[in-house]
Amino acid sequence: MYVSASQEATPTLAAALTRRGFLQAGLAAGGALVVGFQLPLAQSAQPEKPGFAPNAFIRIDVHGKVTLIMPQVEMGQGIYTAIAMILAEELDADFSQVALEAAPPNDKLYGNPIFGIQVTGNSNSVRSFWLPLRKAAAGARAVLVQAAAQQWKVEPDGIRTENGQAIYDADARRIDYGALVDRARELTPPKDPQLKDVKDFKLIGNPLKRMDTPDKVNGKTVYGIDVMPPGVKFATLAACPVFGGTVERVDDAKARALPGVRQVIVLKDFVAVVGDHMWAAKQGLAALNITWNEGSNSAISSDDVWKKLRAASDKEGAVANSVGDAAKALTQGDKLEAAYEMPFLAHATMEPMNCTVHVTPTSCEVWVGSQVLSRVQATAARVTGLPLDKVTTHNLLIGGGFGRRLEVDMVDSAVQIAQQVDGPVKVVWTREEDIQHDLYRPVYRDALSATVANGRIVAWKHRITGSSVIARWLPPAFQKGIDIDAIDSAADIPYDIPNLRVEYVRAEPPAVPTGFWRGVGPNNNVFAIESFMDELAKKSNKDPVNFRRDMLDKSPRLKAALELAAVKAGWGNPLPARTGRGIALQVAFGSFIATVAEAEVDASGEVRVHRLVSAVDTGIVVNPDTVVAQLQGGLIFGLTAALYGKITIAKGRVQQSNFNDYRMLRINETPQIEVHLIKSGEAPGGIGETGATAAPPALGNAIFAATGIRLRRLPIDRDVLSGKKPS
Amino acid sequence: MVSLQINGEVRTVDAPPDMPLLWVLRDILGLTGTKFGCGIAQCGACTVHVNGAPVRSCLLPIGSVGDRAVTTIEGIGASAVGARVQKAWLDLEVVQCGYCQSGQIMSATALLNSTAHPEDSDIDAAMAGNICRCGTYVRIRAAIKHAAQT
Ligand code: FES
Ligand code: FES
């Protein structure tokens with residue numbers, strides 16, 4: 001074992017986290033390789049016959065079968081395929097023969113280099129694993145070459161590798177990797193193996209078919225919600241509808257009388273019904289008469305949340321960045337002030353929360369799809385009191401993460417239920433429970449002020465106020481009052497501004513738990529910044545594209561994206577009445593993106609998005625079709641938020657409950673989407689989150705262009721657009 | 001006891017007649033390809049065919065199915081159109097997390113069975129009941145047209 005993710009990691013968590021450009025992964029797509037794919041149901045097991053396992057990511061058996069162990073989890077972003085491509089590229093493996101396996105919980109071996117623990121999130125899988133995986137694979141390849149040199153008694157320099165074979169061109173000898181395994185096992189990989197030159201990549205940069213897809217079109221893929229350990233029972237649960245409330249008493253007589261209902265389990269803050277199937281459990285839960293102790297939050301409303309947030313936003317914050325003298329420069333020139341506000345949002349992953357657990361006096365087995373596997377194991381150990389090594393976890397494919405599965409609350413409650421059940425129990429949340437007991441994208445308020453002179457920004461002040469998810473989720477990373485996620489893409493605004501001040505005020509909402517949500521901090525910041533940029537362009541009487549371009553001299557990659565998006569979108573071409581184009585730029589997750597939205601607003605205030613065009617420089621691309629897919633999907637995710645996304649609170653509880661009142665964009669509302677990739681030799685950027693960030697500001701600016709109405713709050717308010725309400 | 005015809009086989013289950021087909025498929029018969037998304041006919045994840053018509057199985061009591069033929073994602077590839085839709089989904093790399101895709105494929109297959117060459121408006125009407133949280137709609141539309149041409 002000579003290299004592992006953790007050894008490659010930057011030394012401290014906080015240092016790593018402040019390293020600019022958190023991340024992203026996403027990549028996959030379009031050739032025609034048939035790839036052996038093992039369902040990641042089993043934990044990484046050692047092969048029966050001794051093979052060659054030079055590091056935590058690669059195993060080669062005597063038959064030449066290459067197993068690649070996936071440190072990151074697949075939730076639709078295509079990361080399994082991307083990681084396999086990276087490893088197979090440097091290993092020169094035969095890509096048609098590789099098999100994939102999910103990593104077991106082990107922060108040391110599989111920790112995300114940026115976080116130090118096993119995390120799939122923040123669009124950083126490719127960014128953070130790019131070098132460690134390449135080195136791991138190149139080291140393994142170097143050892144195989146050395147083994148071949150020994151066997152053939154020739155110099156290793158004359159040996160090259162291709163498609164799972166070592167080749168000695170001098171006499172055309174070839175040998176399969178499998179035949180080198182015994183010798184290779186005795187050798188030590190070099191510390192600093194030679195990496196391939198980018199121009200020699202054979203897999204990376206080509207659109208390859210995703211390895212996880214075939215079983216997703218025939219119903220065979222096993223998600224967490226699909227596991228069926230022998231004898232499994234089914235449970236569903238209800239937590240107190242008021243945040244923080246507890247169970248007072250439960251009358252379960254009616255529920256117990258229902259056919260198929262096995263058990264009613266009453267715990268401190270939730271009640272579960274166990275049955276022979278989900279239907280019995282659901283019916284049983286509905287038949288319970290539960291009296292809740294609603295606790296101290298039962299009067300909280302959205303109004304309270306906003307009042308508190310606005311009051312907090314009046315205070316000075318911790319300084320995230322300061323350039324020149326913003327205070328002074330804000331007193332000179334033409335000044336504009338505006339505040340933007342973002343609502344709570346639920347994740348609404350298509351696969352509702354679920355977790356299957358089997359607890360015995362001496363063991364605990366957990367089946368779940370999680371973005372944080374080692375935390376799953378630790379949670380089960382904590383709840384049961386068992387040592388870590390008695391907790392077995394199975395990480396399944398994930399039916400949508402978006403940050404929701406960075407949390408382990410669904411594991412905690414399922415283990416508590418399983419402690420009272422004889423045999424395995426699958427706990428599945430109803431959609432209502434899933435929407436009403438999420439950890440929500442925080443409400444944010446962004447107060448901006450700026451002065452302009454001669455068509456340029458002279459001074460800029462941005463105060464971000466909102467919950468710190470980081471402070472709860474990764475406390476060591478919250479330092480000096482700064483949440484590095486909440487200020488991401490704001491403290492390091494790409495425009496050339498001589499006097500700048502960016503502040504952060506931590507303000508936790510009453511009662512409502514907050515969590516990471518696809519696009520994270522940049523969602524809020526880019527919406528506020530790019531809306532405000534449009535307002536400043538107007539104040540300066542400049543075209544929004546020109547206004548931005550003139551301040552991008554220090555960011556050539558973003559400038560190039562802006563220019564490409566403007567051309568592709570036909571910026572400046574005439575449009576029908578009540579239709580407008582809006583642009584939004586972002587540097588986030590290591591990617592440089594410009595997006596143009598074209599939207600129409602009718603007299604009733606209804607918005608129809610016709611077209612979205614994005615130009616993307618995300619550095620070296622592993623699997624180009626995946627990048628395009630992630631952008632397409634992310635843009636739709638962002639449109640959903642801009643057009644409909646809103647969680648509101650009354651009497652301490654969430655008012656929305658299912659897709660009827662927490663709406664998703666549907667196919668009939670989906671615009672034409674074009675994604676243009678810009679070729680780049682820079683280090684890979686992240687992509688999974690970026691579309692979610694891009695769509696709302698581009699749409700808001702298009703709506704302004706169409707109507708002259710500036711919406712400073714999301715989601716869009718159709719009553720304002722129709723004139724029923726003042727803007 | 002209720003008898004059902006599922007993917008060409010007769011399956012007899014010990015379940016109450018008001019139990020929705022979704023849970024019988026998943027929890028009793030182990031046919032987990034059909035997904036639970038909302039339980040209120042809002043998302044389409046649970047779509048199956050009953051005598052060829054797309055139906056939300058989360059609200060369909062098994063007692064009302066009778067001897068009509070039920071087809072699920074596990075069985076749809078046996079029909080020429082179903083297999084073509086699955087292939088189009090792979091050719092155009094539609095899938096992301098995949099959780100909604102069983103339902104999408106069932107709805108798309110039913111559409112192509114009734115309308116061999118759908119217009120955009122036909123696709124909108126047939127597919128608007130299927131939510132994809134990953135946002136694969138652009139490719140779903142393209143894949144339906146691709147399947148219609150092959
Ligand atoms: S689960 Fe049936 S439509 Fe959503
Ligand atoms: S592919 Fe994930 S919900 Fe559709």
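The sequence lines fix the lettering, A, B, ..., with proteins before strands; numbering per chain opens at 1. Keep in mind that what you see is a predicted model, and the values were worked out from it rather than measured. Side chains included, hydrogens not; waters and symmetry mates left out as well; all remaining heavy atoms used.
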- [ ] Can you tell me which residue pairs pass the salt bridge (Lys or Arg N to Asp or Glu O under 4.0 Å) test with a partner in residues 16-31 of chain B, sequence neighbours excluded?
- [x] A:Asp226-B:Arg26
Counting only heavy atoms closer than 4.5 Å, note whether [X] contacts chain B via side chain, backbone, both or neither.
X        : value
A:Val232 : neither
A:Tyr223 : side chain
A:Glu74  : neither
A:Met228 : side chain
A:Ile398 : backbone
A:Met278 : both

- [ ] Enter the distance from B:Glu93:CD to A:Thr81:OG1 here, rounded to the nearest 0.5 Å.
- [x]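 Atom-to-atom, B:Glu93:CD and A:Thr81:OG1 are 7.5 Å apart.
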Task: Rounded distance [0.5 Å steps], CD in A:Glu351 versus SG in B:Cys97 - done: 8.0 Å
Donor-acceptor pair, [X] side chain versus [Y] backbone, under 3.5 Å?
X        : Y        : result
A:Arg431 : B:Gly39  : no
A:Lys216 : B:Gln101 : no
B:Lys35  : A:Gly219 : no

TODO: Sort and list the pairs that fulfil ring pair (Phe, Tyr, Trp, His ring centres under 6.0 Å) and have at least one residue in residues 62-87 of chain B, not counting sequence neighbours.
DONE: none
TODO: Sort by residue number and list every member of residues 110-137 of chain B having a non-hydrogen atom under 4.5 Å from chain A.
DONE: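 If one takes a 4.5 Å heavy-atom cut-off, the residues of residues 110-137 of chain B near chain A are B:Ile123, B:Asp124, B:Met127, B:Ala128, B:Gly129, B:Asn130, B:Ile131, B:Arg133, B:Cys134, B:Gly135, B:Tyr137.
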Open item on the list: A:Glu432: which residues meet the salt bridge (Lys or Arg N to Asp or Glu O under 4.0 Å) condition with it, sequence neighbours left out?
Closed with: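 A:Glu432 satisfies salt bridge (Lys or Arg N to Asp or Glu O under 4.0 Å) with no residue once adjacent residues are dropped.
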